[in-house]
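Below you'll find the structure, written out as structure tokens, and then a few comments.
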Amino acid sequence: MLQLTPSHFLPPPPPPLSPQNLSFSLLQSCKTLQEATQLHALSLKTGAFTNPLIASRLFSLYADPKINHLTYARSVFTQIQDPNLVSWNVLIKSHVTNQRSHDAVVLFRDLVRHHAPDNFTLPCVIKGCARLNAVEEGRQIHGLGLKIGLGLDKFVQSSLVSMYSKCGEIEFARKVFDEMRERDLVAWNSLIDGYARCGRVDVAVELFDQMEERDSFSWTVLVDGLSKCGNVEKAREVFDRMPDKNLVSWNAMINGYMKARDFETARELFSQMLTRDVITWNSMIAGYEFNGRFAEALELFREILEEDLRPTPATLVSVLSAVSGLAALSKGRLVHCVMVKHGFELDGVLGTSLIEMYYKCGSIDSAMAVFRGIQRKKVGHWTAIIVGLGMHGMADQVLQLFLEMRKNGMEPHAITFVGILNACSHAGLVDLGRYYFNMMIKDYGIEPTIEHYGCFVDILCRAGCLDEAKNVIGSMPMKPNKVIWMSLLSGARIHGNVEIGDYAAQHLIEVSPDTIGCYVVLSNMYAAADQWEKVSQVREMMKKRGVKKDPGCSTIEHRGMLHEFIVGDKSHPQTKEIYSKLSEVREKLKSAGHVPDTSQVLLCLEDEKEKEAELENHSERLAIAFGLINLEPRSPIRIIKNLRVCNDCHSVTKLLSKIYNREIVVRDNSRFHHFANGSCSCKDFW
DNA sequence: TTAGGGTTAG
């Protein structure tokens, strides 16, 4: 709080106490936002605000890094009559420092209508271009700088070296660097960073060795550059030689080890660190998450909370993604609580992450609730919920939301259409799929990517339009990938077209000989067509190539713990109860008239009884039995499976949802199935 | 009245 002491009112020697003098004197001593707003109010009350100098000083105060209130700064700026170049520079700089580089560049365009920019303006806006990766705009500003005689200013030049380096235009960076009359450390460091970023580590090291003087940045950019290029050993050598290791270089090393999947060494460095910042924690968490080590990521998040550190949005993005990977819904709800407690806004990327976490954990209702609660929804939020509903097979709602989205003036982008096409595919909507595929191209001018083709081909294959699918594949401007051939193969299996199945399998094995799914589906297709000799051939091929079928694995969460079951598992402490539940299930299914569908049993079991027994031990059955035993009677049973659900498990789960009057949600390797009251949301297309 | 340009996660 600003203390209004008598000296503020009676400054010696006594000039006349005009509102201007009062304000100038107070503005100089002002340090906090509260003081600034008090002065702002005072200047409005006394009329001092109408003086452009007072208004400019007040504006600079709001933009000052210590106060940094961009909204107020902008608002005051608009009220300054003819703001001078200094005020413009301050405004642009504060936008760049507040991650609003796009606005900074737009403001720069306004500025040049009123003033010639100076050697303060250009480095700022060039940095903004670098942040945006807007090399073309940067190049134009470079040209402008040359035109107005700022081409040899060392700040302008080194900002250009940095901008070109960050945008991957290393030759231009080098050119500017070579033209510099006075190359200081900043210019050298930027260039080394540029060479390291584009993978030319040898040049980076050479430049580093040539330097007469180095500072901590020089060492750090080299350590980081080497780490990023996957040369973690060399990075460690430089790091070990580094005289005063700073926090950034430790963090860079951690990232290097994480990238190299050397978790032990990353962890070792982490525990050796005497001081850590939030980036250290984020690097560890993101590293674990990126490499699929979700439980370790969540464990570190728990430690962050225990140490009373404030997570950042970057922390939460990684953590939510780790939660999704494990489908640990209750942990996800806890993270959501932490976000609410710390007052994180959901208007940006965090809203998207939260929506994704919920639908990937099987709770589309919570995903929808988050979506509805976001005040200023952006395209990313609409897209996330559309993709989520699509994965949950809720095509009607997808199409309804798509309409709503467009009514709200939102322009769908390429991924929105991936979500829509995916929904059409899961719901078997072949005509609508064609309609939206064409709408995307004609109405929105979006070039279909391989993902769009993947969905579209899948739509056609599921609906049995196999010849049309084959034609679309032939007309694609890019090489079909394994997803596309896999769709055709699966479609051929579902619709019993062995000829097209053979054709698809041939291409699939060519593109991706290690795709296990290919052999499984192919084998299932031959099995269903009673071509057992071919089934054996496929098995031989798998053996020869060393391809093994991943064992089916299902997980279920109970009281914050994840329980994992593999096919035929007998390791769970509740095994006895689980198998006795399975016997009960078998009886109930039998009385409901269920006949086991053994057509997809890959094992060459001669005996029908053996085949049936194999099905009964499928991992999701064990998980469902566990859920029936342990979960509250009315709570949904949510299961995550690593493979595609087999035909028989699908029919069984439908029946069980009716027999036990339970909602069962199964996430397989590509989508969700909501089983309730004897039917599934996928309408038996999957 | 600005005090510039260079490093780590996402």
Side-chain angles (χ1 to χ4, degrees), chain A residues 24 27-28 52-65 80 83-94 96-97 99 117-128 130 150 153-163 165-166 173 176-177 180 182-194 196-197 214-225 227-228 235 239 242 245-256 258-259 276-290 311-321 348-350 353:
Chain A
F24 273 127
L27 276 161
Q28 269 173 346
L53 281 177
I54 299 276
S56 300
R57 286 231 191 165
L58 193 56
F59 155 72
S60 297
L61 202 53
Y62 280 133
D64 187 282
I80 307 173
N84 64 13
L85 185 56
V86 171
S87 296
W88 277 100
N89 288 349
V90 170
L91 185 69
I92 289 176
K93 186 190 165 209
S94 52
V96 174
T97 46
Q99 285 34 273
D118 67 4
N119 53 337
F120 281 84
T121 326
L122 294 192
C124 250
V125 71
I126 291 169
K127 185 179 178 179
L150 292 172
D153 179 274
K154 84 166 176 183
F155 289 106
V156 174
Q157 286 179 310
S158 61
S159 66
L160 284 168
V161 173
S162 170
M163 188 270 296
S165 286
K166 287 205 178 75
V176 176
F177 179 83
M180 287 180 84
E182 184 197 343
R183 292 172 203 132
D184 62 7
L185 270 171
V186 177
W188 278 91
N189 294 342
S190 301
L191 192 67
I192 291 176
D193 186 38
R197 274 171 197 264
R214 302 176 187 118
D215 67 0
S216 70
F217 281 85
S218 326
W219 289 91
T220 311
V221 290
L222 193 62
V223 167
D224 181 55
S227 287
K228 279 214 175 77
F239 178 73
M242 187 171 171
K245 296 178 184 51
N246 58 13
L247 190 49
V248 179
S249 62
W250 281 89
N251 292 345
M253 277 313 306
I254 287 184
N255 290 317
M258 280 298 188
K259 191 170 180 227
R276 301 171 185 144
D277 64 1
V278 72
I279 295 184
T280 317
W281 288 92
N282 289 355
S283 302
M284 288 293 292
I285 293 177
Y288 278 132
E289 188 277 322
F290 179 77
T312 65
T315 326
L316 293 160
V317 168
S318 302
V319 166
L320 288 169
S321 185
V349 68
L350 278 184
S353 294

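Note on naming: letters A, B, ... go to the chains in the order of the sequence lines (proteins, then strands), and numbering restarts at 1 for each one. Computation of the quantities below employed the complete heavy-atom set of this structure, encompassing side-chain atoms and omitting hydrogens, waters and symmetry-equivalent molecules.
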Between A:Ser190 and A:Asp193, a side-chain donor and acceptor under 3.5 Å: no

- request: Tell whether A:Ser159 reaches the base of B:dG5 with its side chain through a donor-acceptor pair below 3.5 angstrom.
  value: no

message: Check this one for me: any side-chain N or O of A:Lys228 less than 4.0 Å away from OP1 or OP2 of B:dA9?
response: yes

Listed nucleotide nearest any side-chain atom of A:Phe120, set B:dA3, B:dA9, B:dG5: B:dA3

task: Check the distance between B:dG4's P and A:Asp64's CG and give it to me in whole angstrom.
output: 13 Å

message: Checking side-chain polar atoms at under 3.5 Å, does A:Asp224 have a donor or acceptor matched by the opposite partner on A:Ser227?
response: no

- prompt: Phosphate oxygens OP1/OP2 of B:dT7: is one of them under 4.0 Å from a side-chain N or O of A:Lys166?
  reply: yes

message: How many whole angstroms separate atom NZ of A:Lys259 from atom P of B:dT8?
response: 14 Å

message: If I take atom CG in residue A:Asn119 and atom P in nucleotide B:dT2, what distance separates them, rounded to the nearest angstrom?
response: 15 Å

- prompt: Choosing from B:dT7, B:dT2, B:dG4, which nucleotide comes nearest the side chain of A:Phe217?
  reply: B:dT7

task: Determine the sole option in A:Thr312, A:Leu350, A:Asn282 for which the side chain to side chain contact (heavy atoms under 4.5 Å, CB included) test with A:Val317 is passed.
output: A:Leu350

field: B:dG4 OP1/OP2 closer than 4.0 Å to side-chain N/O of A:Lys154
entry: no

message: Ignoring hydrogens and geometry beyond distance, is the side chain of A:Asp184 in donor-acceptor contact with the base of B:dG5 at under 3.5 Å?
response: yes

message: Nearest whole Å is fine: how far is B:dT7 P from A:Asn246 CG?
response: 13 Å

task: Mind calculating the distance between CG (A:Asn255) and P (B:dG10) to the nearest angstrom?
output: 7 Å

query: With a non-hydrogen cut-off below 4.0 angstrom, is A:Ser60 in contact with a base, only sugar-phosphate, or nothing?
result: base

task: For A:Ala252, answer base if it contacts any base atom (sugar-phosphate contacts may also be present), sugar-phosphate if it contacts only those atoms, and nothing otherwise; contact means non-hydrogen atoms under 4.0 Å.
output: nothing

task: Would you indicate, yes or no, if B:dT7 has its OP1 or OP2 atom less than 4.0 angstrom from a side-chain nitrogen or oxygen of A:Arg197?
output: yes

task: In whole angstrom, give the distance that lies between atom CE of A:Met242 and atom C1' of B:dT8.
output: 11 Å

task: Send over the distance from A:Leu122 CG to B:dA3 P, rounded to a whole Å.
output: 17 Å

- request: From the options B:dG5, B:dT2, B:dG10, select the nucleotide whose nearest atom is closest to the side chain of A:Val86.
  value: B:dT2

- prompt: Which of the following nucleotides, B:dG5, B:dA9, B:dT2, is nearest to the side chain of A:Thr312?
  reply: B:dA9

- prompt: If you look at every strand shown and take non-hydrogen atoms under 4.0 Å, does A:Asp153 touch a base, only sugar-phosphate, or nothing?
  reply: nothing

Nearest to side-chain heavy atoms of A:Asn89, which nucleotide of B:dT8, B:dT2, B:dG10: B:dT2

- prompt: Does one side chain, of A:Glu289 or A:Ser321, offer a donor that lies under 3.5 Å from an acceptor on the other?
  reply: yes

message: Testing the 3.5 Å rule here: is there a donor-acceptor pair between the side chains of A:Ser283 and A:Asn255?
response: yes

- prompt: Given atom CG of A:Leu247 and atom P of B:dA9, what is their separation to the nearest angstrom?
  reply: 13 Å

- prompt: Are A:Phe177 and A:Trp188 near enough that their ring centres are under 6.0 Å apart?
  reply: yes

